[in-house]
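Let me begin by presenting the structure, written as structure tokens, before commenting on it.
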Amino acid sequence: MAISLNEPAGPGLAAAGPAVTRPRRRRRVTLPRSPKVLVGLGLLALFVLIAIVGPLVAPYNPSADLAASGVPQAPSAAHLLGTTQTQQDVLSQILAGGRSTLLVSFLAGAVATVISVLVGVSAGYLGGLTDDLLSMLANIFLVMPALPLLIVIFGFLPGSSNDLLIGAIIALTGWAWGARVLRAQTLSLRGRDYVESARLIGERPARIIAAEIVPNLLPIIASSFLFTVLYGVGTYTAIAYLGLVNIDPHWSWGGMLFWAQSVNAQVSGYWWWYIPPGLAVALLGTSLALINFGIDEFINPRLRAAGLSRRQARRAGAPARFRLGLTPVVRPPAGSRDGAA
Amino acid sequence: MRMLARKLPFYLVTFVIAITIDFFIPRLMPGNALDALLAKAGSQMGSPQALHALERLYGVHNPASLPQQYLHFWAQLAHGNLGISTSSYPTPVTSVIATALPWTLGLVGIATVISFVLGTLLGTLVAWRRGSWLDNLLPVTTFFQAAPYFFLAFLAIEVFAVVLGWFPYGLGQNQLDYATGFAPAHVADILDHAVLPAVTIVVASAAGWIVGMRNQMLTTMDEDYVLLAQAKGLPKRRVIWYAARNAILPSVSGLSLAIGFVISGSLLTEIVFAYPGIGFVLYQAVVNHDAPLMQGIFLIITLAVLAANLIADFVYLILDPRTRQEA
């Protein structure tokens, strides 16, 4: 499903008037620039960088047993994050494992988002029996416990190292929440005047959905995409931690935790082995959640005001103690808002 | 009541679909993956008859047609027969699950209730004092939520069991303690072993409740009736109570999404602690390629999640009079 935002005006419209030039108002959509969002974006950029160049700059082969000793070595100059039981370099494993972790989770997020837009928007827009059936489908997938289902699927399909397949299977269990949210919002958009008038003009349903409804759903689609990527990170890490996918030449952060667990690293005090991958997963998840906070605040201004600190609020002229029934919204100083004013 | 009558068929359909998926997964797998699995199962059981029965269960060398196999699958379930565990052959899957289930119900059930109550209270407080330092709680809880449960469990063991030595790590009770039943020493031992896993689950899952409750509270606090309650000069605690009891409704109806997540996470927590519940048994089934046990546990967990959702629906019915008025 291709969604074009800058779709040109329909040919019928252009032919009707002599020179109908619609001045395109470019509204700059900016996320609230709170520290939360900035930290989130920065962290995410760092992880994407690791995923791209990590495997290339890893100092050692992550699977190579570098020495014969069977005791994990603490961090040193030669091994910045120490070594594992079989003397593999932990830093190299971290650098090599980022790519698969990010690839699978973003793939899962993308596939799940496509499914949830298709299901959610058609259910909300078409209504009737279609809605009943699609909603039921989404609710069933929502209620069914995802991880045990994935364990059974991968239990019969062990040792896969195909990131595409893994991402797609995770997506199958992760699309339902987004579909439910999108359906609810589509229902509310469907009755709005501008959609009604588009229908009266005689626009085809496909065009109304693509040009009128979906653009207005974009913040919610973005938020549900990030939410699903977050779900993908956690789920893929869990699946790899259980050793259900290929975890030796196909490194991932969850796979590292599998090897650490297999020799009880948490009991033996080998913290340099399990803290880096765990922390990497946690920070990646945190960065996605922080960006999602920003999108939430973009959708719901009440949350935005709540994100202000007292100092910021006082500078903006709002009372320092927020009162009930009053949501202070900070505007830039008058005059700088519209250049023309 | 009409709402429940409408919900019951949904849960029935979901359960039927879960069973159908369970039936089809082995049949949709590439043949070589299934063969490898069956070969391992055969070497574990050491009984050609048992292997043959297992092959037929998964539709290999089975003369019956697919619909017949499907009906047979249902008939077996109706008799409470989930097959035989290949890794602890010849113990039936049902008795393996029966010994593990009480541990999980106790640990995960109690931890989930604590997490819901604590998270909702904290979320209310954060919303009420918006703009104060409490807002800094959000990024912190987000971190704990984003971290995998089992990673938090690793940390909990390292810090509280190994370094500080406050709690035992691993297992559900002391192996040398042969006391059973409700002898006080035995109960204390079980509680001692449950503290760390329970705290891990609470810390990891409370964040979701905090954020959900806070966001809903912020919206509710702008409602006119809350303003009126404040203007009337009601004590602050009453005002918070009025707002909170309306804001909590989405949290309750959102349980359906959350229960699945929390249970999945708890299963992983059990694995790190070698806690003798369903999650640890599932892990062993995975490690030993014990397909019947994996499938049986999937069904039991699905059933438990559906039951928990039904309870959440009941609670919603009690909390929200509007749903009762419809009937």
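Letters A, B, ... are given to chains in the order of the sequence lines, protein chains preceding strands, and every chain is numbered from 1.
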Taking atom [atom1] of [X] and atom [atom2] of [Y], what is their separation to the nearest 0.5 Å?
X: B:D22; Y: A:I153; atom1: CG; atom2: CD1; answer: 10.5 Å
X: B:F15; Y: A:I140; atom1: CZ; atom2: CD1; answer: 13.0 Å
X: B:Y283; Y: A:I151; atom1: OH; atom2: CD1; answer: 11.0 Å
X: B:I21; Y: A:M144; atom1: CD1; atom2: CE; answer: 4.0 Å

Selection from B:T302, B:I297, B:I17, B:L306 maximising heavy-atom pairs under 4.5 Å formed with chain A
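Counting heavy-atom pairs under 4.5 Å, the top option is B:T302.
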Side chain, backbone, both or neither: which part of B:L267 has a non-hydrogen atom closer than 4.5 Å to chain A?
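Only the side chain of B:L267 comes within 4.5 Å of chain A.
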Let me know if B:I301 has heavy atoms under 4.5 Å from chain A in its side chain, its backbone, both or neither.
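It is both, since atoms from each part get that close.
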Name the option with the most non-hydrogen atom pairs under 4.5 Å to chain B; the candidates are A:L242, A:L288, A:L284, A:L230.
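Going by pairs under 4.5 Å, I would pick A:L242.
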Leading residue by heavy atom contact count with chain B [cutoff under 4.5 Å; candidates A:A176, A:G243, A:A238]
A:A238
Quick one, A:Y274 and B:L155 - any side-chain contact, counting heavy atoms below 4.5 Å?
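A:Y274 reaches B:L155 side chain to side chain.
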With a 4.5 Å cut-off on side-chain heavy atoms, are B:F151 and A:V281 touching?
no
Residue pair A:Y241, B:I271: steps toward the side chain to side chain contact (heavy atoms under 4.5 Å, CB included) verdict:
CA-CA 10 Å; A:Y241 163 70; B:I271 296 169; 3.8 Å; yes
I would like to know whether A:L147 and B:L268 meet side chain to side chain contact (heavy atoms under 4.5 Å, CB included); could you show each step before the answer?
CA-CA 10 Å; A:L147 190 69; B:L268 296 168; 3.9 Å; yes
A:L244 versus chain B, heavy atoms under 4.5 Å apart: side chain, backbone, both or neither?
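Side chain only.
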Does any backbone or side-chain atom of A:F141 lie under 4.5 Å from a heavy atom of chain B? Answer side chain, backbone, both or neither.
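No part of A:F141 comes within 4.5 Å of chain B.
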